[in-house]
2 protein chains.
Amino acid sequence: MATIYHVARRSGVSTATVSRVMKGGTGFSAATRERVLAAAGELAWVPSGSARGLASRRTGIVGLIFPDLDNTDEPGQDSPLYFDQIIRGAERAATAMGDAVLIAGSRCATGRDLVFSVASKVDGLVVLAGSLSKRDLDQIGRSVPVVLLADRAAHRGMDGVAADNRGGARAITSHLIVGHGYRELAFVGGVQRAPDSMERFAGFRDALKEAGLSIPEAPAALGGFTESGGELAMHEILRAPRPPEAVVFANDQMAIGALSTLRRARIPVPAQMAIAGFDDIAAARHVRPALTTVRQPMRDLGEQAVRLLFERVAEPDGARRAVLLSTEVVLRRSCGCGARVRAGATS
Amino acid sequence: MATIYHVARRSGVSTATVSRVMKGGTGFSAATRERVLAAAGELAWVPSGSARGLASRRTGIVGLIFPDLDNTDEPGQDSPLYFDQIIRGAERAATAMGDAVLIAGSRCATGRDLVFSVASKVDGLVVLAGSLSKRDLDQIGRSVPVVLLADRAAHRGMDGVAADNRGGARAITSHLIVGHGYRELAFVGGVQRAPDSMERFAGFRDALKEAGLSIPEAPAALGGFTESGGELAMHEILRAPRPPEAVVFANDQMAIGALSTLRRARIPVPAQMAIAGFDDIAAARHVRPALTTVRQPMRDLGEQAVRLLFERVAEPDGARRAVLLSTEVVLRRSCGCGARVRAGATS
DNA sequence: TTGTAGGCGTTATCAT
DNA sequence: ATGATAACGCCTACAA
């Protein structure tokens with residue numbers, strides 16, 4: 001395998017000059033440049049990333065840590081699709097800076113192992129909420145810059161970016177109340193203490209309070225963020241003596257599951273019961289009736305997180321930042337809206 | 001930042017011993033091990049990935065090159081979702097071997113350079129069909145092992161894995177003919193010379209031929225693999241003097257677009273026209289009527305590609321291999337099937 | 001504009 | 001079981 005020495009010899013210059021040409025700045029004649037590039041091409045030489053990283057102390061890689069990229073083998077069971085969008089956003093932002101993205105599920109590797117295999121290979125890390133324990137997070141934060149994604153548990157000394165879950169939930173709930181006149185509303189959460197679920201529930205309560213309606217202590221049901229969980233949750237709700245006029249779900253997948261239950265129960269949506277979700281996954285448009293929901297700027301989340309990371313890498317001691325991205329209500333038929341219109345953004 | 005020297009000094013051993021302990025094999029006493037680990041922990045030391053890579057000639061990273069991770073800002077326009085599944089499969093296989101996955105889109109402005117910079121950071125590359133020109137591919141193949149994904153244009157001396165597109169298309173078309181008795185079938189392709197589209201069309205023709213029906217020279221229409229393209233393609237088909245009884249689409253997104261057109265035209269599916277797609281994306285289950293389609297084992301594709309890559313890295317001169325993964329027909333309502341049953345696999 | 005040379009943090013090969 | 005030390009391939013002052 002060719003090295004910089006071979007290229008230098010072949011093009012009749014020093015390794016320093018080869019290095020300069022490869023870096024792309026200035027400090028060499030056009031003729032030299034051509035000779036070097038030609039030699040590099042002939043030898044099929046690519047500068048070693050490892051050697052470069054070692055000498056320059058930059059790997060040109062940003063890492064992305066997920067809670068668990070695939071815990072299910074059920075093909076139909078789409079595990080959180082928003083991961084994918086986040087990856088895309090991150091990839092875009094990184095590519096724009098000439099960096100690449102390293103992805104790793106935290107699944108089997110915990111703490112030290114992960115630090116090992118990933119932290120040492122990157123210039124910085126974007127960590128999704130729920131990927132790491134606080135302990136591991138702190139430890140990893142000691143060896144590389146870290147940006148927290150969708151994790152409002154603002155950790156000491158770490159940058160973070162998140163979507164305005166609360167504002168979005170508040171906005172869509174207000175729409176149901178003000179726009180359609182519903183007075184009996186219920187909320188279906190995901191998992192017991194999941195931050196996302198809790199924030200959205202808080203927004204739901206904000207809207208009820210604002211409208212002077214009585215506000216529940218807890219979600220009417222929990223659906224585990226899955227489609228089947230949503231079906232069950234809806235069954236639970238239908239068993240109540242007096243079912244609500246409208247139900248807000250903590251995510252789209254549960255809402256879609258609920259639509260199945262309602263169809264089987266021959267309860268017309270939205271005529272007899274209005275439904276709203278959260279996320280705006282692709283299926284939300286295809287389901288009948290099309291699902292009214294709140295769009296999260298997932299791609300932007302990934303993009304902003306990487307940008308923030310670059311800033312931190314460039315200026316390690318700068319003030320920490322917390323970026324909040326606004327969400328957007330997407331009105332479709334399931335809430336009672338006739339057409340598919342978009343309402344304003346929150347925050 | 002701590003280095004191996006600091007750790008060695010602090011634990012009273014040589015750097016060689018620290019290195020051995022970190023590698024995890026044997027060749028040191030338990031007591032030594034403890035001391036080293038303790039020192040490493042206290043100093044928050046993580047072995048530098050670059051230095052490791054330089055010395056050992058292994059980065060512990062496999063690269064994944066895509067045609068273009070996101071060329072659209074249209075949130076509804078899901079660019080090929082199967083990328084995501086492939087990423088997941090690759091991540092899983094790599095993690096199982098203790099490696100990480102580096103992803104990079106290729107078509108953006110800085111794409112070409114990026115690809116080469118990625119090549120130098122990884123032990124091997126999985127390249128998706130359509131990411132690189134043959135020239136670039138050959139060149140890159142000279143500096144790292146490459147596995148081609150979903151690219152049947154069997155390149156000289158490269159391993160490859162792909163799905164059985166032709167067999168899948170043949171199987172679903174046969175189902176329409178044999179299972180439902182349709183005799184007038186049409187095929188809608190994606191892009192003019194796209195390999196996927198062509199292979200699926202070939203499978204479609206295989207089935208017609210087998211049934212003794214007349215086989216068309218070319219697809220009845222082209223829909224560019226997009227939903228809106230599918231809508232247009234269906235309009236085109238409806239303009240024909242004698243529309244077909246069943247239409248097979250080169251992918252699900254186009255088929256879903258076609259369903260919209262048919263709904264607006266008040267043509268009942270499958271009663272008056274049966275529809276079949278390809279891929280089995282998530283939306284295929286949610287659309288009404290639910291879409292009959294062919295499932296591609298996308299996750300497996302990613303997984304197998306990475307496995308193959310590891311084999312090649314371990315044994316650079318082994319015989320090249322071409323892996324073909326079987327597809328599976330998924331019967332839903334759009335073809336005329338009453339229930340949602342699964343038929344057998346191909347190949 | 002170009003060359004010289006020291007160092008980046010590990011691993012691996014010999015010794016012991 | 002452990003230590004000394006030469007690579008590993010590149011970058012970057014510093015010189016010329």
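All chains are named by letter (A, B, ...) in the order of the sequence lines, taking the proteins before the strands, and each is independently numbered beginning at 1.
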Can you tell me the distance, in whole Å, between the [atom1] atom of [X] and the [atom2] atom of [N]?
X: B:Tyr5; N: D:dG3; atom1: OH; atom2: P; value: 14 Å
X: B:Glu34; N: D:dA1; atom1: CD; atom2: P; value: 15 Å
X: B:Arg58; N: C:dA12; atom1: CZ; atom2: C1'; value: 16 Å
X: B:Arg20; N: D:dT5; atom1: CZ; atom2: C1'; value: 13 Å
X: B:Met22; N: C:dT10; atom1: CE; atom2: P; value: 9 Å
X: B:Ile4; N: D:dA4; atom1: CD1; atom2: C1'; value: 13 Å
X: A:Arg9; N: C:dT2; atom1: CZ; atom2: P; value: 19 Å
X: B:Leu54; N: D:dC10; atom1: CG; atom2: P; value: 9 Å

- Message: Nearest heavy atom decides the nucleotide; on that basis, is B:Ala55 or B:Val13 closer to the 5' end of DNA chain D?
- Response: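 Its nearest nucleotide lies further toward 5', so the answer is B:Val13.
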- How long is the gap from CD1 on A:Ile61 to NZ on A:Lys121, to the nearest 0.5 Å?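 So the gap between those two atoms works out to 9.0 Å.
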- Listed nucleotide nearest any side-chain atom of B:Ser56, set D:dC11, C:dC8, C:dA12: C:dA12
- Query: Taking the side chain of A:Ala16 as heavy atoms from C-beta outward, which of D:dA1, D:dT5, C:dT4 is closest to it?
  - Reply: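 For the A:Ala16 side chain, the nearest candidate turns out to be C:dT4.
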- Got a donor-acceptor contact below 3.5 angstrom from the B:Asp123 side chain to the B:Arg58 backbone?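 No; judged by distance alone, with no hydrogens or angles, the pair does not exist.
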Examine [N]: is either OP1 or OP2 under 4.0 Å from a nitrogen or oxygen in the side chain of [X]? Give yes or no.
X: A:Thr17; N: C:dG3; answer: yes
X: B:Ser14; N: D:dG3; answer: yes
X: A:Arg52; N: D:dC11; answer: yes
X: B:Thr3; N: C:dC8; answer: no
X: B:Lys23; N: C:dT10; answer: no

When you check the gap from the basic side-chain N to the acidic O, do [X] and [Y] get nearer than 4.0 Å?
X: A:Arg321; Y: A:Asp159; value: no
X: B:Asp84; Y: A:Arg88; value: yes
X: B:Arg307; Y: B:Glu311; value: no

Reckon [X] touches a base, only the sugar-phosphate, or nothing at all at heavy-atom distances under 4.0 Å?
X: A:Ser19; value: base
X: B:Thr32; value: sugar-phosphate
X: A:Arg57; value: sugar-phosphate

